[in-house]
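Each chain gets a letter, A, B and so on, in the order its sequence line appears, and its residues count up from 1. Bear in mind the structure is a predicted one, so any value in this text is a computation, not a measurement. Just so you know, these numbers use all the heavy atoms, side chains as well, and skip hydrogens, waters and symmetry mates.
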Amino acid sequence: MRDLNDQDTIDDAALTSWVDGELDASAAARVQAHVDAHPGAAQRVAQLRELNRQLRASFAPELADQVPPSLAATARGEHLQAPSTTTTGRVIPWRARQPAWPRWGGLAAGLLLAVWGGPLLWSGWHTEPDLLTQADGRVMAQGALGRGLERNLAGDGGQDQVRVLLSFKDRTGQYCRTFSAPAGAGLACRDAGRWQVAVLAARPPTEERGLRLAGGDLPATVLDAVERRISGLALDADQERAARDAGWAR
Amino acid sequence: MNSHQDTPSFGIALSALVPRLRRFGRLLTGHAQDADDLVQLALERAWQHQSRWETGTRLDSWTFRIMQNAWIDEVRTRQRQAQVLVADDGEGVADDKVAASPVDAIAVRQAVAQLSEDHRAAVALVLVEGLSYKEAAEALGIPMGTLTSRLARAREQLQALLAPEEKRPCAT
């Protein structure tokens, strides 16, 4: 058991345990007193708390992802079979779990469709066909989405328009941008002069359900896609402006 | 040991856990679809071993442990991580102090992805899922001292990766 009787000997492990809520009341009181009396300890505590906060916040979007029906059924104990002796590498492809999207389903090879929490609502994107077009089996941005991706800087655009949230270079050197629109969010990369949509996440009708994420947040599916593609860090404002002004040339 | 847990409430409790199980799976495997495979397997095993769960104990800790074991026992032996989330070495973080902005979230997730699997699991259970040290140690099947040591090293690494002074612009 850690000896916390001497306030001056309280070490980093004790501070960490305190921040993590692992100390009983009397030990916590001693650490509190130590922290109050030592600015260095207080600074360390603030650092630990900030890291904890960042971790919780950064992985929060996962909880808003819709649970695939197959997992939900298994959790409820439905359709249980003999225990798996072999699992599959990619058992449940996303597209197999989602209902067909009337216009785009099955057309766009390589396009990851996902639902950003809540019930399925493909109609969000489906009712905005002017934003998307299909060419050579790929989904391309067009209309306001195409213009927004081509011209807007991160943060441009009103609430009802296409907003670009993040720009970066992928590992092949292409520029990619995440975007948010009334129907949802997604990721597009510039290829041969056009913005190819790689991920679309439909936004659920969650304002009334209290589930809507903050405007700047991206669904976990889009974040995952960014993580898989990004090379280095996201562009800062100056880099983004320079890239746009150069026509997104590699 | 055997609680004779009634099946409907077990299913309800398990269903409520699924989003967290998927998140833990993503942290553990580094891949969304691998995570869902792992959750599927863990759910099957949870039902299979339902009688071993004691009513009144935390179902989340118990199920996380099943997932951890499943990952060690089966998934990892058949399937190496298809893709680690991060390949770029030594990247710092973007703007600090902005709550869960996409840039921050990505930087943090990239940093976590660079942790060793053991450290990542400890971070996932304690700092993301909010389990106590004791619960997390039990879920991972390790002594508490090992858990706290892994957490301390993981924190050091994360803080080094996310330190503002290491921030640097993206090479273009």
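With respect to chain B, the highest number of heavy-atom pairs below 4.5 Å among A/L48, A/D20, A/V67 belongs to A/D20. Contact count against chain A (heavy-atom pairs under 4.5 Å) is highest for B/L127 among B/V123, B/L14, B/L127.
Just one of B/V112, B/V128, B/V108 meets the side-chain contact (heavy atoms from CB on, under 4.5 Å) condition when paired with A/S58; it is B/V108.
Two residues are said to be in side-chain contact when any heavy atoms from C-beta on lie closer than 4.5 Å; A/N52 and B/R155 meet this criterion. Side-chain contact between A/T16 and B/T148: absent, with no pair of heavy atoms (C-beta onward) separated by less than 4.5 Å. Residues B/R23 and A/D65 form no side-chain contact, since every pair of their non-hydrogen atoms from C-beta on lies 4.5 Å or further apart.
Residues passing the side chain to side chain contact (heavy atoms under 4.5 Å, CB included) test with B/A136, sequence neighbours excluded: B/L125, B/V126, B/L131, B/L147. Applying the side chain to side chain donor-acceptor pair (under 3.5 Å) test to A/R44 and every residue at least two apart in sequence or in another chain returns A/D12, A/Q47, B/Q159.
The minimum heavy-atom distance linking A/L71 with B/L43 is given by the pair O-CD1, 3.6 Å. Of all heavy-atom pairs spanning B/V18 and A/A75, the tightest one is CG2-CB, 3.6 Å.
Expressed to the nearest 0.5 Å, how far CG of A/L55 lies from CG of B/L158 amounts to 6.0 Å. Atom-to-atom distance recorded for B/L162:CG and A/Q54:CD is 5.5 Å, nearest 0.5 angstrom. One distance of note links CD of A/E78 with CH2 of B/W47; it measures 9.5 Å at 0.5 Å rounding.
Although no hydrogens or angles enter the test, the distance criterion places a donor-acceptor pair under 3.5 Å between the side chain of A/E22 and the main chain of B/Y133.
In this structure, no portion of B/L21 lies under 4.5 Å from any heavy atom of chain A.
For A/E62 and B/R22, the salt-bridge test fails: no basic side-chain N is under 4.0 Å from an acidic carboxylate O.
More than 12 heavy atoms of other residues, nucleotides or ligands shown are found within 6.0 angstrom of CZ on A/R250.
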